[in-house]
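Input: a single structure, listed below in structure tokens.
Here is the naming used below: chain letters follow the sequence lines, and residue numbers restart at 1 for every chain. Just so it is clear, the model here is predicted, and its values are computed rather than measured.
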Amino acid sequence: MCALWRGLSPMSDPASASVQDRLSGLLAQAVASLLPQGEEPPLCVFERSRPDFASDYQSAVAMQLARTLRRPPRDIAGQLAELLAESAGELVEAPEVSGPGFLGVRVSEACLAGELARCLGSERLNVPQECSGTVVIDYSSPNVAKRMHIGHIRSTVIGDALRRMGSFLGYKVIADNHIGDWGTQFGQLIYAYRNWLDAEQFDQDPVGELERLYVRFHKEADASPELHDAAREELRKLQAGDPDNFALWTLFRRSSRDAFDSLYDRLGVEFDVTHGESHYKDALGPLVEDLLEQGIAEHSEGAVCVFFRDEHGEDTMTPFLVQKKDGAHLYATTDLATVQFREKEWSPVRMIYVTGGPQQLHFRQVFETSRRMGVTTDMVHVWFGMMSLPEGAFSTRKGNVILLDELLDEAEGRARALQVERLEARGETWSEDELDRLARTLGLGAVKYADLSNNPQTNVVFSFDRMLSFEGNTAPYLQYTSARTNSLARKATDKGLPPPDGRTFVAAHDADRELLLHTLDLGRRVAQAFDEGKPSFLATYLHELATKYHHWYAACPVIQADDEALALSRLNLNQLARRSLVLGLDLLGIGVPERM
RNA sequence: GGAGCCGUAGCUCAGUUGGAUAGAGCGCUGGCCUCCGAAGCCAGAGGUCGUGGGUUCGAAUCCCGCCGGCUUCACCA
């Protein structure tokens, strides 16, 4: 995998590399010249300095070299400063040494102007597109015949953001919705459908009715356990290819897919393929035989199992069951067959699974078993804590769920009410149509951002207020910021200022420099967010950007700027901030309104 | 009991190759709309980074012990 955020990649064309990467490269050359032949240099990078230091970028490399060179770090830093003054003279003002041996540089105004021009001149704001290879991302993966509730949102939203970031960085991404469309519950559903169907209900809301049948089955089976035998028989017939049962299964699957699709549509979430578990049903038997033949799995207590043992024969991990005593296959078997299929079909460089934390053991087992099967692909489990209600865990069977549609309705309702209130205060009126569109953008953004802005691997108790906040570090705050940039640009045009020229930059105020420098970091942060499987890194970046924008806005007059060059520079910065926000939010799957 | 994850401000959480004075949001105190949009900005209070050791020039970050919480431990997915 390429890790652009760690610095200059070997493929980079130095001319298109960021200042930060170019400076790091020059630093590496300087360091190499100080080291004796054959000595391995430490990683030489410049990082952003804290905002209250005079330098823009700093490096701690001199301190790391002190031991090998047996010299005081400040001496080394001083020498590096001289070398950099030579090699990087056009990029930076005189490098300086501070503290225990930090080497700091301040980027020259000419160089900053060049960076601004390169950024604004690039459709993709200079975010590198150097990654290649296929990445498979497995997310959302709801079960057929159940309505999607808020427990599904995290996987869906995080996975979709990873899909967007990955393809923007240049990967060929295959988003695979691994829906639960095969297994025990279908015997139960078929039995329940034949006995208790409310045809009218099914017509109106097929998935709701299927869910009701599923719940009823479990309630009835509690009283009459023999129902499980009847359901098993239906399942057996289905798996043996019985045409009637197969037709019912197809019906359940189709109606669920339709319901999922309309919800994904509402969410703005996409997939490239939806190979459910059923896609692998014929591969399971041969797979188990394969595992046995290769000695990866063995018979144990009538079942087939993969063991993980150390050299003393002690278990290092819980055994992994791939076939039950009765010959039936499991989630584990399907997941291994899925890995095999994806390898053969797509030869990916990485497979990413986005699921809840309780499945950590399962995926460690899947990954380890896959490795024994010869799979060398990088496999990553991106996990998150589970959501629950104040009264306990969600349970479809008990009926205590909050549906995703309800959450979105509530979000849009709140956004709309807030907007109406604000419009009244401003004495404006909007068309119903525009209000609706805004409510959708803000409501959906708030919901998504709540799950993207932090990565709590601890569990969360759901509350509407928690999830639908519109103040502080939220999507509406970022959307508001973007609307504000539009407003400023409109106002400038109205006042007869020239449009941004895409190249003028005047470092009149620290806030001018700070805003520009921050936007230059977008590419690195996107790459890092994708690589670590943490969209929250990008969300944090965007929140910093919005905060810096507001700070700049308060400190730096644009329309009333002292001269035309400065006004132009600030209109450029305004545009850069807007485009960065819009792009970053889009990579998270969040849209922006023109005004709000 | 084994394994995994977590413990940071009153609350919810950021903090990733170990770097200077640990950050944000909510809440709290005070200020800012005749001035480019107050879903905003500025200032302030609030911290033994669970705890004890270790490694290091330097530790919230790495290693070990302990305390507390969550998850999981073969025939569900």
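Here B/rC26 is in the anti range [glycosidic angle more than 90° from 0].
In this structure, A/Leu292 and A/Gln323 have side chains that are not in contact, with every pair of non-hydrogen atoms separated by 4.5 Å or more. The side-chain heavy atoms of A/Glu424 and A/Val420, taken from C-beta on, include a pair separated by under 4.5 Å. Here the side chains of A/Leu423 and A/Leu435 are in contact, with some heavy-atom distance below 4.5 Å.
Checking A/Asp181 against A/Ser278 by side-chain atom types alone, a donor-acceptor pair falls below 3.5 Å. Checking A/Tyr553 against A/Asn574 by side-chain atom types alone, no donor-acceptor pair falls below 3.5 Å.
Residue A/Arg484 has a polar side-chain atom (N or O) positioned under 4.0 Å from OP1 or OP2 of B/rA38. Close to B/rG25, at under 4.0 Å from its OP1 or OP2, lies no side-chain N or O of A/His543. Phosphate proximity of B/rC41 to A/Tyr477: present, with a side-chain N or O under 4.0 Å from OP1 or OP2. Remark: A/Tyr480 is in phosphate contact with B/rA39, judged by side-chain N or O atoms under 4.0 Å from OP1 or OP2. Contact check, A/Lys146 against B/rA77: no side-chain N or O comes under 4.0 Å of OP1 or OP2. In this model, the phosphate group of B/rG37 is approached by a side-chain N or O of A/Ser487 to a distance below 4.0 Å at OP1 or OP2.
Here the side chain of A/Gln20 pairs a donor or acceptor atom with the backbone of A/Phe46 at under 3.5 angstrom. With A/Arg232 contributing its side chain and A/Thr184 its backbone, the two residues share no donor-acceptor pair below 3.5 Å. No donor-acceptor distance shorter than 3.5 angstrom exists from the side chain of A/Arg154 to the backbone of A/Gly356, with no hydrogens or angles considered. Within the 3.5 Å criterion, the main-chain N or O of A/Val506 finds a donor-acceptor partner in the side chain of A/Ser569. Side-chain atoms of A/Gln58 never come within 3.5 Å of backbone atoms of A/Phe102 as a donor-acceptor pair (strictly under, hydrogens ignored). Proximity of a side-chain donor or acceptor of A/Glu368 to a complementary backbone N or O of A/Met317 within less than 3.5 Å is not detected.
Between A/Trp249 and A/Phe252, the distance from one ring center to the other does not fall under 6.0 angstrom. Taking the six-membered ring where the residue is Trp, the centroids of A/Tyr477 and A/His550 are separated by under 6.0 Å. Aromatic ring centroids of A/Tyr139 and A/His152 lie 6.0 Å or more apart.
Counting any heavy atom pair closer than 4.0 Å across all strands shown, A/Gln419 reaches a base atom. Residue contacts shown for A/Cys556 include a base, since a base heavy atom lies under 4.0 Å away. Contacts of A/Leu330 with the nucleic acid, taken as non-hydrogen atoms under 4.0 Å apart, involve only primed sugar atoms and P, OP1 or OP2. Among the heavy atoms of the strands, none lies under 4.0 Å from A/Phe320. In this structure, A/Arg595 reaches the bases: a heavy-atom distance under 4.0 Å links it to at least one base atom across the strands shown. Base engagement by A/Met596 is indicated by at least one non-hydrogen atom pair under 4.0 Å involving a base atom. At a threshold of 4.0 angstrom between heavy atoms, the contacts of A/Ala555 with the nucleic acid are absent. Across all strands, A/Val322 comes closer than 4.0 Å to no nucleic acid atom at all (heavy-atom distances). The residue A/Pro358 sits close only to the backbone: its heavy atoms come under 4.0 Å of sugar-phosphate atoms, none of a base. At a threshold of 4.0 angstrom between heavy atoms, the contacts of A/Ala66 with the nucleic acid are absent. The residue A/Ser98 sits close to a base: some heavy atom pair falls under 4.0 Å. Base contact: A/Gln64 has a heavy atom under 4.0 Å from a base atom. Among the heavy atoms of the strands lying under 4.0 Å from A/Arg466 are primed sugar atoms or P, OP1, OP2 only; no base atom is included. Note on A/Gln479: nothing from the nucleic acid sits closer than 4.0 angstrom, heavy atoms only.
One donor-acceptor pair, N or O on each side, does fall under 3.5 Å between the base of B/rA74 and the side chain of A/Ser300. Within 3.5 Å, no donor on the side chain of A/Glu544 pairs with an acceptor on the base of B/rA24, nor the reverse. Between the side chain of A/Glu277 and the base of B/rA77, no donor-acceptor pair under 3.5 Å is found.
For A/Arg364, whose side chain is taken as the heavy atoms from C-beta onward, the closest listed nucleotide among B/rG4, B/rA74, B/rU17 is B/rG4. Nearest nucleotide to the side chain of A/Thr547, out of B/rU71, B/rU16, B/rC41: B/rC41.
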Nucleotide N/O to protein N/O under 3.5 Å, stretch nucleotides 27-31 of chain B:
none

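Partners of A/His329 according to the ring-ring contact (aromatic ring centres under 6.0 Å, His included) rule, which considers only residues two or more places apart in sequence or in another chain, do not exist here. Scanning for side-chain hydrogen bond (donor to acceptor under 3.5 Å, both in side chains) contacts around A/Gln64 gives an empty result, with sequence neighbours left out.
Only A/Leu488, A/Lys491, listed by number, bring a heavy atom of residues 488-499 of chain A to less than 4.0 angstrom from any atom of RNA chain B. Annotation: proximity of residues 437-453 of chain A to RNA chain B (heavy atom, distance under 4.0 Å) is found for A/Leu442, numbered in ascending order.
Looking at which nucleotide of RNA chain B each of A/Gln560 and A/Phe537 is closest to, the 5′-most match is held by A/Phe537.
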Problem set entry | Secondary structure of RNA chain B in dot-bracket form (Watson-Crick or G-U wobble, distances below 3.5 Å, | marking inter-strand pairs) | (((((((..((((.....[...)))).(((((.......))))).....(((((..]....))))))))))))....
